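Structure record follows, encoded as C-alpha coordinates.
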Amino acid sequence: MGANVQKRGEYELFETTKNHRILALNGREWYALVEGQQSPLIVKSDSNHEKQRTLAEGRFYLIDFEDDPDFRDVPHLFLLQDGEYRELILPNGLPTDHDHQKRLVETDETISPNKLRTYVA
(Lines give C-alpha, C1' and ligand atoms only; values in the text may rest on other atoms or scores of the structure.)
Protein backbone atom coordinates (compact mmCIF):
# COMPACT_ATOMS: atom_id res chain seq x y z
CA MET A 1 0.00 0.00 0.00
CA GLY A 2 1.45 3.34 -0.97
CA ALA A 3 0.85 6.84 -2.20
CA ASN A 4 3.23 8.90 -4.30
CA VAL A 5 2.59 12.65 -4.18
CA GLN A 6 3.44 13.80 -7.71
CA LYS A 7 2.49 17.48 -7.33
CA ARG A 8 1.14 19.79 -4.68
CA GLY A 9 0.46 23.45 -4.26
CA GLU A 10 -2.24 26.02 -5.01
CA TYR A 11 -4.89 25.84 -7.70
CA GLU A 12 -7.55 28.06 -9.20
CA LEU A 13 -10.55 26.79 -11.13
CA PHE A 14 -12.16 29.56 -13.12
CA GLU A 15 -14.65 30.16 -15.89
CA THR A 16 -13.60 32.18 -18.92
CA THR A 17 -15.61 34.81 -20.76
CA LYS A 18 -16.28 32.05 -23.33
CA ASN A 19 -17.75 29.78 -20.61
CA HIS A 20 -14.79 27.37 -20.52
CA ARG A 21 -13.58 25.91 -17.22
CA ILE A 22 -9.82 26.33 -16.71
CA LEU A 23 -7.77 24.69 -13.96
CA ALA A 24 -4.52 26.47 -13.10
CA LEU A 25 -1.99 24.59 -10.97
CA ASN A 26 0.60 26.69 -9.13
CA GLY A 27 0.07 29.50 -11.64
CA ARG A 28 2.32 27.61 -14.10
CA GLU A 29 0.16 24.86 -15.62
CA TRP A 30 -3.23 25.38 -17.25
CA TYR A 31 -5.80 22.78 -18.25
CA ALA A 32 -9.25 23.09 -19.80
CA LEU A 33 -11.94 20.80 -18.39
CA VAL A 34 -14.23 19.93 -21.30
CA GLU A 35 -17.04 17.54 -22.15
CA GLY A 36 -15.76 15.02 -24.69
CA GLN A 37 -17.95 12.92 -26.95
CA GLN A 38 -17.70 9.89 -24.65
CA SER A 39 -16.43 11.28 -21.35
CA PRO A 40 -15.03 14.44 -19.76
CA LEU A 41 -11.51 15.43 -20.81
CA ILE A 42 -8.70 17.45 -19.31
CA VAL A 43 -6.78 19.30 -22.03
CA LYS A 44 -3.39 21.02 -21.74
CA SER A 45 -3.79 24.73 -22.29
CA ASP A 46 -1.93 27.99 -21.73
CA SER A 47 -2.37 31.11 -19.63
CA ASN A 48 -4.06 33.08 -22.42
CA HIS A 49 -7.59 33.11 -20.96
CA GLU A 50 -9.84 35.97 -19.96
CA LYS A 51 -11.26 35.10 -16.56
CA GLN A 52 -14.93 35.82 -15.97
CA ARG A 53 -15.16 34.41 -12.44
CA THR A 54 -13.35 32.13 -10.03
CA LEU A 55 -15.23 28.91 -9.28
CA ALA A 56 -12.87 27.56 -6.61
CA GLU A 57 -9.33 27.96 -5.32
CA GLY A 58 -7.10 26.50 -2.64
CA ARG A 59 -4.66 23.66 -2.02
CA PHE A 60 -4.29 20.69 -4.36
CA TYR A 61 -2.52 17.34 -4.35
CA LEU A 62 -1.87 15.00 -7.29
CA ILE A 63 -1.38 11.52 -5.81
CA ASP A 64 -0.72 8.18 -7.49
CA PHE A 65 -1.92 5.28 -5.34
CA GLU A 66 -0.68 1.68 -5.23
CA ASP A 67 -2.66 -1.15 -3.65
CA ASP A 68 -4.76 1.15 -1.48
CA PRO A 69 -8.18 -0.27 -0.63
CA ASP A 70 -9.82 3.18 -0.77
CA PHE A 71 -8.46 4.35 -4.14
CA ARG A 72 -7.96 2.86 -7.60
CA ASP A 73 -4.34 2.50 -8.72
CA VAL A 74 -4.36 5.61 -10.92
CA PRO A 75 -3.52 9.28 -10.29
CA HIS A 76 -6.06 11.27 -8.31
CA LEU A 77 -6.23 15.05 -8.18
CA PHE A 78 -7.60 16.43 -4.92
CA LEU A 79 -8.86 20.04 -4.86
CA LEU A 80 -9.72 21.71 -1.55
CA GLN A 81 -13.28 23.06 -1.72
CA ASP A 82 -15.48 24.03 1.22
CA GLY A 83 -13.23 22.36 3.78
CA GLU A 84 -13.06 18.98 1.98
CA TYR A 85 -10.92 17.68 -0.86
CA ARG A 86 -12.87 17.00 -4.05
CA GLU A 87 -11.63 13.96 -5.96
CA LEU A 88 -10.89 13.96 -9.70
CA ILE A 89 -9.58 10.71 -11.18
CA LEU A 90 -7.01 10.93 -13.97
CA PRO A 91 -6.78 7.35 -15.32
CA ASN A 92 -3.84 8.28 -17.58
CA GLY A 93 -2.37 11.16 -15.58
CA LEU A 94 -2.23 14.82 -16.54
CA PRO A 95 -1.89 15.87 -20.18
CA THR A 96 1.59 16.60 -21.50
CA ASP A 97 3.04 18.52 -24.44
CA HIS A 98 3.10 15.27 -26.44
CA ASP A 99 -0.30 13.95 -25.31
CA HIS A 100 -2.36 17.09 -24.81
CA GLN A 101 -5.68 15.57 -23.73
CA LYS A 102 -6.54 12.83 -21.28
CA ARG A 103 -9.69 11.29 -19.88
CA LEU A 104 -11.04 12.75 -16.66
CA VAL A 105 -13.46 11.21 -14.18
CA GLU A 106 -15.24 13.84 -12.08
CA THR A 107 -16.65 12.20 -8.96
CA ASP A 108 -18.93 13.40 -6.20
CA GLU A 109 -16.49 11.92 -3.67
CA THR A 110 -14.68 14.05 -1.12
CA ILE A 111 -12.00 13.25 1.43
CA SER A 112 -11.36 15.05 4.69
CA PRO A 113 -8.14 17.01 5.14
CA ASN A 114 -7.25 14.73 8.07
CA LYS A 115 -7.52 11.58 5.97
CA LEU A 116 -5.61 13.12 3.07
CA ARG A 117 -2.89 14.23 5.48
CA THR A 118 -2.11 10.56 6.20
CA TYR A 119 -1.13 10.14 2.54
CA VAL A 120 0.86 13.34 2.11
CA ALA A 121 2.72 13.42 5.45
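Just so it is clear, the structure is predicted and the values come from calculations on it, not from any experiment.
- Smallest separation of non-hydrogen atoms from Pro95 and His100: CB-O, 3.3 Å.
- Here the side chains of Ile89 and Phe71 are not in contact, with every heavy-atom distance at 4.5 Å or above.
- The backbone N or O of Asn92 lies less than 3.5 Å from a partner atom in the side chain of Lys102, making a donor-acceptor pair.
- Rounded to the nearest 0.5 Å, atoms OH (Tyr119) and OH (Tyr85) are 14.5 Å apart.
- Residues Glu66 and Asn4 have side chains not in contact (no heavy-atom distance under 4.5 Å, counting atoms from C-beta outward).
- Follow the hydrophobic side-chain contacts under 4.5 Å out from Ile111 and you reach Phe65 in the same cluster.
- Asp68 places a side-chain N or O within 3.5 Å of a backbone atom of Asp70 that can act as its donor or acceptor partner.
- No side-chain donor-acceptor contact under 3.5 Å links Asp46 to the backbone of Trp30.
- Note that NE2 of His76 and CG of Leu116 are 11.0 Å apart. Values are rounded to the nearest 0.5 Å.
- Interatomic distance, CD of Glu29 versus NZ of Lys44, reported as 6.0 Å (0.5 Å rounding).
- With hydrophobic clusters built from ILVMFWY side chains whose heavy atoms lie under 4.5 angstrom apart, Leu33 shares a cluster with Leu55.
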(message) Could you go through Glu50 and Thr16, starting from their C-alpha distance and side-chain angles, then the distance that decides it, and tell me whether this counts as side-chain contact (heavy atoms from CB on, under 4.5 Å)?
(response) CA-CA 5 Å; Glu50 190 174 337; Thr16 70; 5.8 Å; no
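- Cluster membership check: Leu104 shares its hydrophobic cluster with Leu13, using side-chain heavy-atom separations under 4.5 Å among Ile, Leu, Val, Met, Phe, Trp and Tyr.
- A salt bridge links Arg86 to Glu106: one of the charged nitrogens lies within less than 4.0 Å of a carboxylate oxygen.
- Of all the heavy atoms in Leu62 and Pro75, the pair that sits closest is CD1-CB, 4.1 Å.
- In this structure, the side chain of Tyr11 engages the main chain of Leu80 through a donor-acceptor pair within 3.5 Å.
- Contact between Val43 and Gln101 at its shortest, heavy atoms only, is CG2-CB, 3.8 Å.
- At least one side-chain heavy atom of Ile22 sits under 4.5 Å from a side-chain heavy atom of Phe14.
- Shortest non-hydrogen contact noted between Ala32 and Ser45 is N-CB, 4.2 Å.
- Transitive grouping of hydrophobic side chains (ILVMFWY, heavy atoms separated by less than 4.5 Å) keeps Val74 and Phe78 in distinct clusters.
- Note that CZ of Arg53 and CD of Glu15 are 4.5 Å apart. Values are rounded to the nearest 0.5 Å.
- Between Ile63 and Val120, the closest heavy-atom pair is CD1-CG1, 3.7 Å.
- Atom CD of Glu10 sits about 8.5 Å away from atom CD of Glu57, to the nearest 0.5 Å.
- Thr107 places a side-chain N or O within 3.5 Å of a backbone atom of Glu87 that can act as its donor or acceptor partner.
- Here the CG atom belonging to Leu77 is positioned 6.5 Å from the CG atom belonging to Leu94, to the nearest 0.5 angstrom.
- Here the closest heavy-atom approach between residue Arg103 and residue Ser39 is recorded as CG-OG, 3.3 Å.
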